[in-house]
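In what follows, chains are A, B, ... by sequence order, proteins preceding strands, each numbered from 1.
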2 protein chains.
Amino acid sequence: MHSNIPEVVIDRLPRYARALALLEGRGQQVVSSQELGSELGVTPAQIRKDLSYFGRFGKQGRGYNVRRLAGELKSILGLDREWMMALVGVGNLGRAILSYRGFAPEGFRIVCAFDCDPQTIGASFGDVCVEDVEKLRLTLRDRPVDIGIVAVPAAVAQEVVDALVESGINAILNYAPISPHVPADVRLRDIEPVLALQGMMYYLKEAGGSAKTTS
Amino acid sequence: MHSNIPEVVIDRLPRYARALALLEGRGQQVVSSQELGSELGVTPAQIRKDLSYFGRFGKQGRGYNVRRLAGELKSILGLDREWMMALVGVGNLGRAILSYRGFAPEGFRIVCAFDCDPQTIGASFGDVCVEDVEKLRLTLRDRPVDIGIVAVPAAVAQEVVDALVESGINAILNYAPISPHVPADVRLRDIEPVLALQGMMYYLKEAGGSAKTTS
DNA sequence: TGATGTGAATCAGTTCACAGCT
DNA sequence: AGCTGTGAACTGATTCACATCA
């Protein structure tokens, strides 16, 4: 049912939603595709086309009602509910993820965490208690979890992904520096600062050496 | 000079390089586009086409020499040198970034850090001492820094980005939940777990409710 | 034989440009 | 007058398919 809408379009919607939330916070009531576009560095035509996949949310001659459009986008994306997440890997990175303040306000809650280190198992972070990763399948059988977060070393990341998938999870946020294999019906996103950096360095390479192009 | 090669192609190269490093570690000497592709979930034709922008690295009938191709890609991407990074924002997130072990092995070094909190200024993390963000421009004038990492709250992220850009930095890794404006010649990448999650939820929404499609 | 490298063909995404509504 | 919504045109990316070479 979804297959008709290009994935790139879906990918842009969260940015639109975020910009609209910002405008709403500023008290702005109406926005044109022009204005929203220049806020985000996107052409107005693209915004209009993207939105037109889902309905007619604007008023000709006026623009879009900020609050209304923000609400529509949240509903389209499924952000009008809470999503439960399980974290696997409670090392340095995992702890940072656990203490990240950005998830909760957007409706994403980490409800359980797993590790394999006996020192870490049993520890509590906020209201989350770290369980033995061996119990992952068992625990996920009882708890409704929607999303898995993988924050383990590369060497064990694939097996953790497999365990999550077998537990019925079909959205994974991967922080490990590998490209895991998942079945076609499972969504996977990589959060990989190193890949992002490496992609930029190509352009930096020739741009004039070590910083300072200043006269 | 670079403008002829599509950006999507550049974006894929780091993944190829990473997969090749893995194969090299396993002692594999030769790889076909077929094999590399199935490792990464990419078509063989795409890999061949991507590589063909930069040269002829393979041998017909054989495939690619793993070590050679890995080296070529690193050189193309500019990964055969060290890149210096400045971190702005040494809160929870910033500290996690400072202690992240994944940068160094890939040649990315955090050489200075800035914050505005008097409690944090002066503290040391590894061999990096936190400076007052007011001194950012001054410090970057003397130190050759290639990349800025933004890990500050949304409200001040744009002004931090501006300061970095004015200091001559033209690659920025942004962890703040905004879409900063930068001049066209500055590369910017967002690391935004929430946007990534939100993009996936669209597909999860209808997929059968709260986890467990199990019989 | 078995793989690459690549023009040609296809497919997908973006932008244009304008009719239509307020 | 001003801005949306959208088919049509265009631009860009992917895949095909085959000549080429080890």
Student: Return no unless some side-chain N or O of Q46(B) is found under 4.0 Å from OP1 or OP2 of dT14(D).
Tutor: yes
Student: Step by step, work out the salt bridge (Lys or Arg N to Asp or Glu O under 4.0 Å) result for R95(A) and D115(A).
Tutor: CA-CA 11 Å; R95(A) 282 159 216 233; D115(A) 204 289; over 6 Å; no
Student: Scan side-chain atoms only and decide if S167(A) and R137(A) contain a donor-acceptor pair under the 3.5 Å cut-off.
Tutor: no
Student: Taking only N and O in the side chain of Y53(B), is any of them less than 4.0 Å away from OP1 or OP2 of dT14(D)?
Tutor: no
Student: Out of dG5(C), dT4(D), dA8(D), which has the shortest distance to the side chain of S32(A)?
Tutor: dT4(D)
Student: Is it the case that D50(B) and Q46(B) place a side-chain donor and acceptor less than 3.5 Å from each other?
Tutor: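 Short answer, no.
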Student: With rounding to the nearest 0.5 angstrom, report the CG to CD distance, L36(A) to Q28(A).
Tutor: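 Rounded to the nearest 0.5 Å, the CG-CD separation comes out at 9.5 Å.
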Student: Between R48(B) and dT14(D), does any side-chain N or O lie under 4.0 Å from OP1 or OP2?
Tutor: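 For dT14(D), OP1/OP2 do not have a side-chain N/O of R48(B) under 4.0 Å.
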Student: Of the listed nucleotides (dG7(C), dA22(D), dC16(C)), which one gets closest to any side-chain atom of K49(B)?
Tutor: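 Looking only at side-chain atoms, K49(B) lies closest to dG7(C).
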Student: Taking only side-chain N and O atoms of S33(B), does any of them lie within less than 4.0 angstrom of OP1 or OP2 on dT4(C)?
Tutor: yes
Student: Tell me whether the OP1 or OP2 atom of dT15(D) has a side-chain N or O from T43(B) closer than 4.0 Å.
Tutor: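 Affirmative; the distance criterion is met.
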Student: Please state whether the phosphate of dC3(D), meaning OP1 or OP2, lies under 4.0 angstrom from any side-chain nitrogen or oxygen of R56(A).
Tutor: no
Student: Choosing from dG2(D), dT6(C), dT14(C), which nucleotide comes nearest the side chain of Q60(A)?
Tutor: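 Among dG2(D), dT6(C), dT14(C), the one nearest the side chain of Q60(A) is dG2(D).
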